[in-house]
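Structure record follows, encoded as structure tokens.
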Number of protein chains: 2
Amino acid sequence: MDRTDVSLIALRRILRATELYGRELAQAAGLTAVQFRVLQVVGEKSPCTATAIAQRMGVSQATVTSLVDKLVRQGMVERQRSEKDRRQTNIVPTDKGRATLDSAPDALQQRYVRKFEALEDWEQSMLVAALERVASMLDADDLDASPVLHTGDLANAG
Amino acid sequence: MDRTDVSLIALRRILRATELYGRELAQAAGLTAVQFRVLQVVGEKSPCTATAIAQRMGVSQATVTSLVDKLVRQGMVERQRSEKDRRQTNIVPTDKGRATLDSAPDALQQRYVRKFEALEDWEQSMLVAALERVASMLDADDLDASPVLHTGDLANAG
DNA sequence: ATCATTACTTTGACGCTCGAAGCAACTGAG
DNA sequence: CTCAGTTGCTTCGAGCGTCAAAGTAATGAT
């Protein structure tokens, strides 16, 4: 087993961990992974249009509509007709939605952040350099990326 | 933006890249990401039972049955009753299935492998150490991990 | 023989995803 | 002002992935 394989295995462990994390998270919140992800996006930038969410998540508008429907039905978010442009619908989290976000276990990300911040300064630098290196080795061109871990569809967890 | 955020963003880029890769790959092969993943697993360990695939992929047997059905319908794999234990069904790739595997673009992994192997010795060591570090920061307990990149369901890519 | 276990398939239900088509509102050219 | 084009979102219809539960078949232990 050469080093290339070892590095691929480590990558796979990373993917796997985030995948499982998504399911865990969703289950704990009573939502699916993707629904939770929408809630996260809405929570980050509160007056948030459907199109913005779609672009952010890399899915179609139709998909967002369906996801938002479900979140509305569960009282997590609300639709509000925009005053400026009445074609737009702003999607805002309800109190319940915010509470869900705050109380989400966030086990994985928390664990990661805690461990990361416990590292020595030079170790942090090394990890950042390595991760960015790997990222650039993997992706051709780039897109927005926010400091929020999530697992995409992966997750069509049923 | 502190270093923790930077590291999270890099992680997200990695996840995103592998996610997109899965779709690309699948589309090129005329299969979905998950179907292709099954084919990969079958290709790796050829006499392969449904249960083995299910465990390897972290899904239920029922799901594997449904996925294998689709691969059979497309002539990618065959079911063969085991001689030893006639409850078991061995799933083996057909010639077409092997051809599909061989000719799969494998763009991302190829790109990664090529770049990784072009690195200096010490750089490889550094990356491996960093990736394993991150992996251990993310996953609590571990499971099998093979040197094959993929994106799980995540993705229920439709 | 019989009962429990194992391996797989079937069934029914749900979630995610999309493209296409539709509706409502805005915008710009004339 | 008006009409055509564009934009933002929703609805509809369809396919895929996923699972739990129930069913079938074969093995194994007693």
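In what follows, chains are A, B, ... by sequence order, proteins preceding strands, each numbered from 1.
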Find out if a path of hydrophobic residues (ILVMFWY) with successive side-chain heavy-atom gaps under 4.5 Å connects A/M126 to A/L131. yes
Apply the test side-chain contact (heavy atoms from CB on, under 4.5 Å) to residues B/M57 and B/V38: give CA-CA distance (whole Å), side-chain angles for both, the deciding distance (0.1 Å), then the verdict. CA-CA 8 Å; B/M57 293 182 60; B/V38 172; 3.5 Å; yes
Expressed as a whole number of angstroms, how long is the span from A/L31:CG to C/dG15:P? 12 Å
Quick one about A/T51 and A/Q61 (side-chain donor to acceptor, distance below 3.5 Å, no hydrogens or angles considered), yes or no? yes
One character per nucleotide, please: for nucleotides 4-9 of chain D, 5' to 3', B when the base has a protein heavy atom closer than 4.0 Å, S when only the sugar-phosphate does, - otherwise. ---BSB
Using the side-chain contact (heavy atoms from CB on, under 4.5 Å) rule, take B/V42 and B/I53 through it: C-alpha gap first, then chi angles, then the decisive distance, then the call. CA-CA 8 Å; B/V42 172; B/I53 298 175; 3.7 Å; yes
I need the CG-C1' distance between B/L71 and D/dG17, as an integer number of Å. 13 Å
Quick one: do the B/T63 and B/S66 side chains pair a donor with an acceptor below 3.5 Å? no
Over how many whole Å does the gap from A/R81 atom CZ to C/dC23 atom P extend? 15 Å
Specify the separation, in whole Å, of atom CG of A/L67 and atom P of C/dC14. 17 Å
How many Å lie between NZ on A/K70 and P on C/dC16, as a whole number? 4 Å
Taking CZ from B/R86 and P from C/dT9, how many angstroms apart are they, rounded to a whole number? 15 Å
Between CZ of A/R73 and P of C/dC14 the distance, given in whole Å, is 12 Å
5'-most contact on DNA chain C (nearest-nucleotide basis), A/E83 vs A/S60, goes to A/S60
Using whole Å, what does the distance between atom C1' of nucleotide C/dT10 and atom CG of B/D69 come to? 10 Å
When you match A/T63 and B/A62 each to their closest nucleotide on DNA chain C, which lands nearer the 5' end? B/A62
Give a yes or no on whether B/R86 atom CZ has more than 12 heavy-atom contacts from other residues, nucleotides or ligands under 6.0 Å away. no
